[in-house]
Amino acid sequence: MKKYKRYLITAALPYANGPVHIGHLAGVYVPADIFVRYLRLKGEDVLFICGSDEHGVPITIKARQEKVSPQDIVDKYHNLIKESFREFGISFDIYSRTTSKIHYQTASDFFKTLYEKGEFIEKTTSQYFDEEVNQFLADRYIVGTCPHCGNDSAYGDQCEKCGTSLSATDLINPRSMLSGSKPVLKNTLHWFLPLDKHEKELRKWILEEHKNWKPNVYGQCKSWLDAGLQPRAVSRDLDWGIPVPLEGAKGKVLYVWFDAPIGYISATKEFTPEWEKYWKQNDTRLIHFIGKDNIVFHCIIFPVMLKTHGGYILPDNVPANEFLNLEGDKISTSRNWAVWLHEYLDDFKGKQDVLRYVLCATMPETKDNDFTWKDFQARNNNELVAILGNFVNRSLVLTHKYFNGKVPEIGNLNDFDNQTLNEIVNLKQNLEENLENFRFRDALKAGMDLARLGNKYLADTEPWKIIKTDPERVKTILHISLQITANLAIILEPFLPFTTTKLSEYLNLGKLKWRDAGNIQLLKPGAEIKEPGLLFEKIEDDVVEKQLQKLQSVKNIAVQNIQVKPQKNAISYDDFAKMDIRTGTILEASKVPKTDKLMQLKIKTGIDERTVVSGIAGYFKPEDLMGKQVCLLANLEPRVIKGIKSHGMILLAEDSDGRLVFVTPEQKVSDGSEVK
RNA sequence: GGCGAGAUAGCUCAGAUGGUUAGAGCGCAUGAUUCAUAAUCAUGAGGUCGCGGGUUCAAUUCCCGCUCUCGCUACCA
């Protein structure tokens, strides 16, 4: 095991196009913060770095939609995000942003260094250019007709109707979203980072030297490496970002993925003049906390950047978490399906630790996990209130009741006392071991086990009974109970910083260090204990019910807000009459092999029996289709799909969520009936 | 279709270079208790460890195939 002198911990830069939600917290910031607080308690030299990621196309689109400047957008969300993190006690040493001056300088210099070392490939490609606004167009800014389904409002990167990923040059009749004019193809020069050149070293570095990375991280990296790495463009034609620092590169900026991770470096620079110590010395341990969507950037691309630049250390570990779902559905910023931190803070004032606790206990460490309000309530009431809050409360209340709030003397210890005291040390070690291995759920459980130990100790020794017969013994019992509460104040600090601060105040504890945990002389006999308040309070059903209703209303609004596509151009009756739509009955159905969505159907149309291929396998099983009567566009030109000739098209309605529903005669009619 | 991750008690999850009765927390049941926010403590019920094969004296753990979930990717509408 390598000896490290200092730690550099980064947490993924949140993208400043919206507020942060519980998914961000559970996946990245809570674990990172717990780890950092633990290291600080141990007296380690540690820096905790984060900031807002503020460039990229989505922000310019959002700005255009809201008719403000991109800077306005990032200012708004940067401040909101920063404040949310502060409120939740995420203890960054610095929370910076990628629009800061120092970052522009750092990222430019970084690019220049790679450029001067000849690490880039220059390549000219053809891209659409809008001559009216004199600008190259990002794929997202081009609309046109989808070559696959004929949808005339497909985007340059994807057709949202049929889901096909496109490149802008595939579109028929492309139009610029900026001016509506027809864009022209123009050559443009870009710089590429040849990842493939570093494949061999990466294989060794990750696959051989970092087998200890989490299975999801290691597996994902292996998957990329086995597939073969490709050069990646590091620049884009855009007016929002860090200008490419070269002559004649006007209108070109650094691609956001290149600029963002450098943000870790610039933030460190901004925080301390000693930044190089943390980034360039071999005895620094660099750890990136991220979500699973960021694995490739932090494990492959950024390390290549650092390596080719030279002088930088590489991450020792990248503990990526999976995703957190909310009430069974994926969290989504655009669909507003989330618990937003700033809203939680309004609804649950002073309950930051409750959310920190619940998110840590259900952290998606090994697979996606679900957050439910019912679970939130149960964990608060059954664990925080009943186990932790209750134990602290009964120890302090008994001390006030029997000893006027003064820590009593400790007397002779019996076997059970010693056994309990030993257990404190065991739990501490157990917690440490879990934290060192990024097992936060287990670590938290070890911490709570200390409170459980306390409850058991009181239940077994029953001081309230023997106070009448043996008050001397009660002194020892409560002395030990109080030492347990003092230990709780230390070992739960990384998880529940607000609560342990309160607890330390009740106990009049000074600043304690991690090495004090396990010690049973944290409180001196005779020391004053404050009149305690409650650390946690119960959360009643109606509070949780209100949150569920809030989510339900989001769903209802979503239903109201469905974007109905505008009507297509008028057609003549003759055009309509050309279509021959008939009823037919499905006789046979089978999935087309080696596809996800295609179903091969045999249909009795009254005219004949024919084969039709339809993309419905995602929603129906063959046996559900047998004997079903459907409507069929019978005279559509036959087309060969996956080697099968398809004669016609089945009519289906597609709901806003993509669900397909057959258009079926309301009553059974004879096959071959005309639909008109 | 390819690749990656996952599938273990009602829920959320551990687990083992293969080996006697597969664990924890919560929930549930019963009992004890009343210092404490009807909190606590004890005991118990609950699992053919996704399905089907194979290797082995022995597999939930290794190998092969399949199914389902999530992510990336491909193809197709």
Side-chain angles (χ1 to χ4, degrees), chain A residues 146 148-151 159 161-165 214-227 291-293 295-296 320 322-323 325 330 358 361-372 374-375 377-402 434 439 441-442 444-446 448-449 451-452 454-467 474 477-478 481 532-539 592-599 613-618 639-644 646 649-650 652 654 658 660:
Chain A
C146 172
H148 297 280
C149 70
N151 168 27
C159 171
K161 191 166 176 198
C162 67
T164 311
S165 15
K214 289 172 67 167
N216 56 343
V217 177
Y218 188 89
Q220 182 92 147
C221 290
K222 189 167 185 310
S223 168
W224 270 75
L225 290 167
D226 287 348
K292 69 172 162 184
D293 51 341
I295 289 173
V296 64
E322 302 284 304
F323 286 156
N325 294 328
K330 244 179 268 186
V358 173
T362 59
M363 190 179 290
E365 280 176 356
T366 50
K367 61 181 176 193
D368 291 358
N369 221 332
D370 201 24
F371 175 93
T372 65
K374 210 177 146 240
D375 181 63
Q377 180 191 25
R379 286 190 188 275
N380 178 74
N381 293 354
N382 303 331
E383 297 177 31
L384 288 178
V385 174
I387 295 168
L388 176 58
N390 185 223
F391 168 66
V392 169
N393 189 239
R394 51 204 302 220
S395 309
L396 300 194
V397 166
L398 285 173
T399 303
H400 274 274
K401 209 167 194 170
Y402 301 149
N434 281 314
R439 290 194 297 256
R441 287 184 309 217
D442 288 342
L444 178 59
K445 201 181 147 274
M448 287 300 284
D449 280 344
R452 289 192 177 90
N455 275 321
K456 183 170 159 48
Y457 182 72
L458 284 180
D460 288 348
T461 53
E462 299 182 304
W464 50 90
K465 266 194 183 164
I466 59 176
I467 184 70
V474 174
I477 293 168
L478 280 183
S481 299
L534 295 178
L535 290 178
F536 302 99
E537 52 191 32
K538 281 199 101 171
I539 291 174
V592 178
K594 301 193 180 187
T595 66
D596 280 353
K597 298 184 182 170
L598 294 188
M599 189 80 83
V613 177
S614 182
I616 56 174
R639 174 159 177 193
V640 177
I641 300 167
K642 274 276 163 185
I644 303 160
S646 176
M649 194 167 109
I650 310 236
L652 295 134
E654 186 181 8
L660 296 172

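So you know, we letter chains A, B, ... as the sequences are listed, proteins then strands, and number each from 1.
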5' priority, RNA chain B, between Ala459(A) and Gly533(A) [closest heavy atom]: Gly533(A)
P gap between G1(B) and G46(B), integer Å: 40 Å
Integer angstrom distance from the P of G47(B) to that of A9(B): 10 Å
Short side-chain N/O contact to A14(B) OP1/OP2 from Lys445(A), under 4.0 Å: no
Any donor-acceptor N/O pair, Lys538(A) side chain to Val385(A) backbone, under 3.5 Å: no
Any donor-acceptor pair under 3.5 Å from Asn380(A) side chain to Glu537(A) backbone: yes
Met649(A), CE: over 12 other non-hydrogen atoms inside 6.0 angstrom: no
Candidate nucleotides G71(B), C13(B), U33(B), ranked by approach to the side chain of Lys465(A) - the nearest: U33(B)
Whole-angstrom distance between G19(B) and U56(B), as gauged at atom C1': 12 Å
Side-chain N,O (Arg441(A)) to OP1/OP2 (A14(B)) below 4.0 Å: yes
Closest-nucleotide 5' rank along RNA chain B - winner of Gly389(A) and Asp370(A): Asp370(A)
Pairwise P distance for G44(B) and A22(B), with rounding to whole Å: 15 Å
Which nucleotides of RNA chain B pair, in dot-bracket form (Watson-Crick or G-U under 3.5 Å, | meaning another strand): (((((((..((((.....[...)))).(((((.......))))).....(((((..]....))))))))))))....
Integer angstrom distance from the P of C49(B) to that of U33(B): 41 Å
Touch class at under 4.0 angstrom, heavy-atom based, for Phe536(A) against every strand present: base
Spacing of the C1' atoms in G23(B) and A16(B) (rounded, Å): 11 Å
Nearest-Å distance for atom pair CG/P, residues Leu225(A) and U73(B): 16 Å
Ile539(A) backbone acceptor or donor facing Gln377(A) side chain under 3.5 Å: yes
Nearest-angstrom distance from the residue atom CG of Asn455(A) to C1' of A39(B): 8 Å
Under 3.5 Å side-chain donor-acceptor pair for Arg394(A) and Asn455(A): yes
Per Asp460(A) side chain, nearest of listed nucleotides U40(B), U37(B), C41(B): C41(B)
Nearest-angstrom distance, C1' atom, C64(B) to U73(B): 25 Å
Out of U40(B), C13(B), C70(B), whichever nucleotide has its closest atom nearest the side chain of Lys292(A): C70(B)
Selected nucleotide, minimal atom distance to Trp464(A) side chain, candidates U33(B), U40(B), A36(B): U33(B)
Val385(A), nearest nucleotide to its side chain (from U37(B), C41(B), C35(B)): U37(B)
Residue Lys330(A), side-chain atoms from C-beta onward, closest of G71(B), C13(B), U37(B): G71(B)
Sugar-phosphate, base or nothing in reach of Leu535(A), heavy atoms under 4.0 Å: base
Shortest side-chain distance from Ala386(A), nucleotide among U12(B), A36(B), A39(B): A39(B)
Flag, side chain of Arg452(A) to backbone of Ile387(A), donor-acceptor distance under 3.5 Å: no
Anti/syn call for G46(B), syn if |chi| within 90°: syn
Derivation and outcome, side-chain contact (heavy atoms from CB on, under 4.5 Å), residues Arg379(A) and Asp375(A): CA-CA 6 Å; Arg379(A) 286 190 188 275; Asp375(A) 181 63; 3.2 Å; yes
Sugar-phosphate only, base, or nothing, as touched by Glu383(A) at under 4.0 Å among non-hydrogen atoms: sugar-phosphate
Separation of atom OH in Tyr402(A) from atom C1' in A36(B), rounded to whole Å: 11 Å
Sugar-phosphate only, base, or nothing, as touched by Ile387(A) at under 4.0 Å among non-hydrogen atoms: sugar-phosphate
Given A14(B), G71(B), C26(B), the nucleotide with the shortest approach to the side chain of Asp442(A): A14(B)
Flag, side chain of Asn382(A) to backbone of Ala378(A), donor-acceptor distance under 3.5 Å: yes
C13(B) phosphate, OP1 or OP2, under 4.0 Å from Asn369(A) side-chain N/O: yes
Nucleotide U40(B), atom C1' - distance to NZ of Lys456(A) in whole Å: 12 Å
Expected output: side-chain Asn369(A) to main-chain Thr362(A) donor-acceptor under 3.5 Å: yes
Minimum-distance nucleotide (side-chain atoms of Asn382(A) versus C41(B), A14(B), C26(B)): C26(B)
d(CE, Met363(A); P, A14(B)) in whole Å: 13 Å
Separation of C26(B) C1' from Phe371(A) CZ (nearest whole Å): 16 Å
Salt-bridge present (Arg441(A), Glu365(A); N to O < 4.0 Å): yes
Asp375(A) CG to C13(B) C1', straight-line distance once rounded to whole Å: 12 Å
d(CG, Asp293(A); C1', A5(B)) in whole Å: 15 Å
Distance between P atoms of U48(B) and U8(B) (Å, rounded): 12 Å
